[in-house]
Peer 1: 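Sending over a structure as structure tokens; questions will come in a sec.
Being a predicted model, the structure only gives us computed values, none of them experimental. Proteins get letters first, then strands, A, B, ... in listed order; numbering begins at 1 in each.
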2 protein chains.
Amino acid sequence: MARVAGVSVATVSRALRGLDRVSPQTRARVLRVAEDLHYVASPTATSLASGRTRVAAVVAPFLTRWFFATLVSAIEKSLRAAGHHVLLFDLEDDSYDHRLPLSQNMLWKRVDGVITLNIPMTSDEIELVDRLGLPLVAIGSPVPGRPCVRIDDRAAMRTAVEHLAGLGHTRIGYIGAVPQNVAHIQTPQDRLEAFLATVEQQHLTCDDGWILGSDWTAEAAARDSTALLSRPDRPTAIVAASDEMAIGVRESARRLGVRVPEDLSIIGIDDYVLSAVLGLTTVRQDVAGLGHAAAGLLLKALLEDDRSTEEIVLPTELVVRESTGRVPAAAQPQLS
Amino acid sequence: MARVAGVSVATVSRALRGLDRVSPQTRARVLRVAEDLHYVASPTATSLASGRTRVAAVVAPFLTRWFFATLVSAIEKSLRAAGHHVLLFDLEDDSYDHRLPLSQNMLWKRVDGVITLNIPMTSDEIELVDRLGLPLVAIGSPVPGRPCVRIDDRAAMRTAVEHLAGLGHTRIGYIGAVPQNVAHIQTPQDRLEAFLATVEQQHLTCDDGWILGSDWTAEAAARDSTALLSRPDRPTAIVAASDEMAIGVRESARRLGVRVPEDLSIIGIDDYVLSAVLGLTTVRQDVAGLGHAAAGLLLKALLEDDRSTEEIVLPTELVVRESTGRVPAAAQPQLS
DNA sequence: CTGAAAGCGCTTACAG
DNA sequence: CTGAAAGCGCTTACAG
């Protein structure tokens, strides 16, 4: 390449990367030759010489769920627009309550930075990333001393419960209590705590038996909610900690002949891809926005060496559709 | 590292990679020192010296849809189990009818091979991959001269139509006709052609107006099917080319008061993640299986230099749930 | 503005 | 079985 252009490899390197100290004519010639030869600098040699790979690790607890796929898609686009690439890690393991650990082999000299998607890091993993000197941005579950992008899970849940209270509901059930397999994740904890706090603050009723565990899939939610919905003294509204579970509950109601929203109101959180078409009331979060924000933070650390501990909290928004309505007359509190 | 272990770098390299010609004692010492020092060979230096990166590019037309996320997840796990990593490319572009092209910058000296997920390659892209000498495995949309993993889309569609015919349906509509934005993809073509062929062969009726286009989302399918379902002379069954569209049609029916399956049968293809809980009859494909098979094929090319043009066709399976039933009595053909 | 040279951290013949 | 040396293809001071 240098030989064809009649210059040194150093000049080729400078010309192609747009550095100073190259004459316009020389640069033009180098660029033309590069074009003719389909020349692209070897990223592996560049990485070895420069110490930077222009690759970021994106680490997900699993990928097949909409929330994570949407994050990854947004991150990939943001990073690639800035000339970076995504090395993807799906840490899902065979058993539900265990994920693969982040290892040095995944990161060392392979990536310049890391974005974690709702991954509660172990102390070993934090120490590893520290030792490797890698910038890291967390989405969702925060990592101490690192920038984080998230929504306010408590506020989102409060919005959901208050929406139901505003419709006159006083007897409210909950699905999505912290299950085994996500006991280490922050979101389920926060949402349940905020639910209970809001119920108490608004003087609503939620019996112990109305709080259901679930593995956060629609399928499990349908199964796990059947017993509760069959009871004559069931609540008049259900809050699902995610839209996928809300869809499961709605389906369970349909099978039992419980009309939504006439007999039962259901609200979720997320604004899942199918929520609009299914008419599900929800508290929307901008999942792609979380991804773009996280990518932006990582790029700032990478390109500007900005090691701030910034926290970005994206807003959520109540979206009222057809799965919630006024409390059934028969269930209204008696005026005394 | 070599200094601490008291051997040459060549010996370290051989010991760590498990090559011959290293004495057991030396190997043990090297391994112990490596452990102590958290030593992991720099993949960038290894790649430069060896010419192999142990990274595969996974190229998707978009990522947020369940089908693609499931494929990526399966591929990532298979490849990582074999010591390889995944560089992910989401080719979705701003406009629906256009995707980003595969470029030399994405592949050259960056990956050892490529897996395409339902990507119809342009001749430029095929030439690029040829020029770079990269093995490639296609999922879905085949690439000439390359191994491919797919289902038999025509057979799957035939199964769906025959299921309806077996229930007595003779008036059958279709949603998922090849839309602008996927005109270059094989699957929609194959499914529609097989639908029409089976309808003719089984002497069924499908008016021109019963074949609906759609962008293959539930939302669009709900919207696009409303007019047809409102007509008094509507078909008694709808075949959706994907489960996501089937869900949209089912929702559209619900809003119109058309009962499923009493008034209208609906069948999809895929066995989407929500299909079971929603009780949707479908023709299942093993999406994760496609991903694992493709990863296996690529690894064979990478590790054993096996450049066969093998084609793997995975079976599909009718899964009867609650969205299909016998043709309504009023719509049964008159016995004459 | 340009080039010669060292160096990034490995692998791979080649000697021994 | 082990080591010295060249080479992978760049970037980066250092001279000029």
Peer 1: Is the distance from OP1 or OP2 of C/dC10 to the nearest side-chain N or O of B/Tyr39 less than 4.0 Å?
Peer 2: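 Result: yes.
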Peer 1: If a protein heavy atom is under 4.0 Å from the base, mark B; if only from the sugar-phosphate, S; if neither, -; do that for nucleotides 11-16 of chain D going 5' to 3'.
Peer 2: SBB---
Peer 1: Taking side-chain hydrogen bond (donor to acceptor under 3.5 Å, both in side chains) as the test, write out the residues that go with B/Thr122, two or more places apart.
Peer 2: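 B/Thr122 satisfies side-chain hydrogen bond (donor to acceptor under 3.5 Å, both in side chains) with B/Glu125 once adjacent residues are dropped.
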Peer 1: Just to verify, what does B/Arg17 make a side chain to side chain contact (heavy atoms under 4.5 Å, CB included) with, not counting sequence neighbours?
Peer 2: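 Side chain to side chain contact (heavy atoms under 4.5 Å, CB included) check on B/Arg17 returns B/Ser13, B/Leu19.
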Peer 1: Output the single nucleotide from C/dC8, D/dC1, D/dG3 whose closest atom is nearest the side chain of B/Ser23.
Peer 2: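 Looking only at heavy atoms from C-beta outward on B/Ser23, the closest nucleotide is D/dC1.
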Peer 1: Tell me the interatomic distance from B/Arg54, atom CZ, to C/dC10, atom C1', rounded to whole angstroms.
Peer 2: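 Answer to the nearest Å: 14 Å.
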Peer 1: Rounded to whole Å, please give me the gap between CG in B/Leu37 and P in C/dG9.
Peer 2: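 Taking atom P of C/dG9 as the reference, CG of B/Leu37 is at 14 Å.
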Peer 1: What is the distance from CG of A/Leu48 to P of D/dG9, rounded to the nearest Å?
Peer 2: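 Interatomic distance, CG of A/Leu48 to P of D/dG9: 12 Å.
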Peer 1: So, B/Arg131 and B/Gln104: side-chain donor and acceptor under 3.5 Å apart, yes or no?
Peer 2: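 Yes, side-chain donor-acceptor contact under 3.5 Å.
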Peer 1: Of all residues at least two apart in sequence or in a different chain, which pass the side chain to side chain contact (heavy atoms under 4.5 Å, CB included) check with B/Arg27?
Peer 2: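 Expected list: B/Ala15, B/Val22, B/Leu31.
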Peer 1: Need to verify one output field. Residue with the more 5' nearest nucleotide on DNA chain C, A/Thr11 or B/Thr44?
Peer 2: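 Between the two, 5'-proximity favours A/Thr11.
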Peer 1: Main chain of A/Leu48, side chain of B/Thr44: is a donor-acceptor contact present, judged purely on distance under 3.5 Å?
Peer 2: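 Yes, because the side chain of B/Thr44 sits within donor-acceptor range (under 3.5 Å) of the backbone of A/Leu48.
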Peer 1: Does CZ in A/Arg307 sit with more than 12 non-hydrogen atoms of other residues, nucleotides or ligands closer than 6.0 Å?
Peer 2: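 Result for CZ/A/Arg307: enclosed.
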Peer 1: Can you tell me if the side-chain N/O atoms of A/Thr26 get under 4.0 Å from OP1 or OP2 in C/dC1?
Peer 2: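 Indeed not, no polar side-chain atom of A/Thr26 lies that close.
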Peer 1: Scan the side chains in residues 290-301 of chain B for donor-acceptor partners under 3.5 Å anywhere in the protein, sequence neighbours excluded, and list what turns up.
Peer 2:
from	atom 1	to	atom 2	distance (Å)
B/His292	ND1	B/Ala288	O	3.1
B/Lys300	NZ	B/Glu310	OE1	3.3

Peer 1: Output yes when at least one side-chain N/O atom of B/Ser8 is less than 4.0 Å from OP1 or OP2 of D/dG3, else no.
Peer 2: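 Looking at the OP1 and OP2 atoms of D/dG3, one of them is under 4.0 Å from a side-chain N or O of B/Ser8.
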Peer 1: For a quick test of reading the model: is some side-chain N or O of B/Ser47 closer than 4.0 Å to OP1 or OP2 of D/dC8?
Peer 2: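 B/Ser47 to D/dC8 OP1/OP2: no side-chain N or O under 4.0 Å.
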Peer 1: Any idea which heavy atoms bring A/Ile126 and A/Pro144 closest together, and the distance?
Peer 2: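 Nearest heavy atoms, A/Ile126 then A/Pro144: CD1-CD, 4.0 Å.
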Peer 1: Give the dot-bracket string for DNA chain D, reading 5' to 3', where a pair is Watson-Crick or G-U wobble with both distances under 3.5 Å, ( ) marks pairs inside the strand, [ ] marks pairs crossing earlier ones, | marks a partner on another strand, and . marks unpaired.
Peer 2: |||.||||||||.|||
Peer 1: Under a 4.5 Å cut-off applied to non-hydrogen side-chain atoms, are A/Arg80 and A/His85 in contact?
Peer 2: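 Yes; the side chains approach each other to less than 4.5 Å.
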